[in-house]
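In what follows, a single structure is set out as structure tokens and then discussed.
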Amino acid sequence: MVPPATATRAPDVTGLGVRLFGCAPEQLAALSPAERARCATGLAHPDRSAVTIPKSHVQDPARRAAEMKAKNTPVRIPCTYVGVAPGPYYSTTPTGMIDPFCTLDGLLNGFPSPTGVPR
């Protein structure tokens with residue numbers, strides 16, 4: 001034999017309805033200060049006047065700073081520079097130059113990292 005089912009009371013959800021529908025912006029003027037305060041504890045946009053800086057997830061800040069500096073620096077080819085060469089009619093022209101001693105040293109001992117970040 002199956003025992004009869006006991007009647008359980010339904011939970012009181014009137015507060016949910018007030019919270020969802022009673023706190024509408026067009027109805028805030030008609031609410032009492034206590035009800036308005038209760039509505040203010042619901043979903044609200046974050047305070048935009050407070051400046052928050054998210055926590056950094058970088059594990060090596062010095063290396064990250066060097067990488068960002070290298071990323072934002074124009075590319076430079078080792079052992080080269082911009083020089084001035086004579087042009088026609090007594091003018092000068094900017095020209096790319098190569099330093100032979102730096103090139104020889106780079107070939108023998110290895111060139112430095114072009115980004116400045118150690119390898």
Side-chain angles (χ1 to χ4, degrees):
M1 224 162 136
V2 177
T6 59
T8 58
R9 289 183 50 194
D12 183 22
V13 292
T14 57
L16 180 64
V18 170
R19 180 63 61 103
L20 290 177
F21 304 111
C23 295
E26 59 271 3
Q27 294 181 358
L28 286 178
L31 298 176
S32 69
E35 291 172 330
R36 238 181 276 133
R38 189 181 66 226
C39 288
T41 61
L43 297 176
H45 63 82
D47 183 18
R48 301 249 188 251
S49 64
V51 177
T52 58
I53 299 174
K55 182 182 174 195
S56 176
H57 297 289
V58 176
Q59 295 182 6
D60 188 0
R63 183 173 177 89
R64 175 68 176 165
E67 288 173 349
M68 292 307 295
K69 181 181 176 189
K71 177 184 174 194
N72 295 324
T73 303
V75 176
R76 185 183 182 302
I77 301 171
C79 301
T80 62
Y81 62 96
V82 177
V84 179
Y89 305 109
Y90 303 103
S91 65
T92 56
T93 305
T95 306
M97 302 285 195
I98 298 175
D99 182 1
F101 296 111
C102 176
T103 305
L104 183 61
D105 181 53
L107 290 173
L108 295 175
N109 300 322
F111 289 100
S113 172
T115 60
V117 178
R119 295 179 186 176

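Just the heavy atoms: all of them, side chains too, but no hydrogens, waters or symmetry mates, feed the values below. This structure is a prediction, so every number in the text was calculated from the model and none was measured.
Residues forming a side-chain contact (heavy atoms from CB on, under 4.5 Å) with S32 (at least two apart in sequence, or on another chain): A34, E35.
The existence of a salt bridge linking K71 and E67 is excluded, since no basic side-chain nitrogen approaches an acidic carboxylate oxygen closer than 4.0 Å.
Y89 belongs to no hydrophobic cluster, as no Ile, Leu, Val, Met, Phe, Trp or Tyr side chain comes under 4.5 Å of its own.
Scanning all heavy atoms of the two residues, the minimum distance from P88 to S91 falls at O-OG, 2.8 Å.
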Below 3.5 Å, can you tabulate the donor-acceptor pairs from side chains in residues 96-112 to any protein atom, sequence neighbours excluded?
{"unit_1": "D99", "atom_1": "OD1", "unit_2": "F101", "atom_2": "N", "d": "3.3"}
{"unit_1": "T103", "atom_1": "OG1", "unit_2": "D99", "atom_2": "O", "d": "2.8"}
{"unit_1": "D105", "atom_1": "OD1", "unit_2": "N109", "atom_2": "ND2", "d": "2.6"}

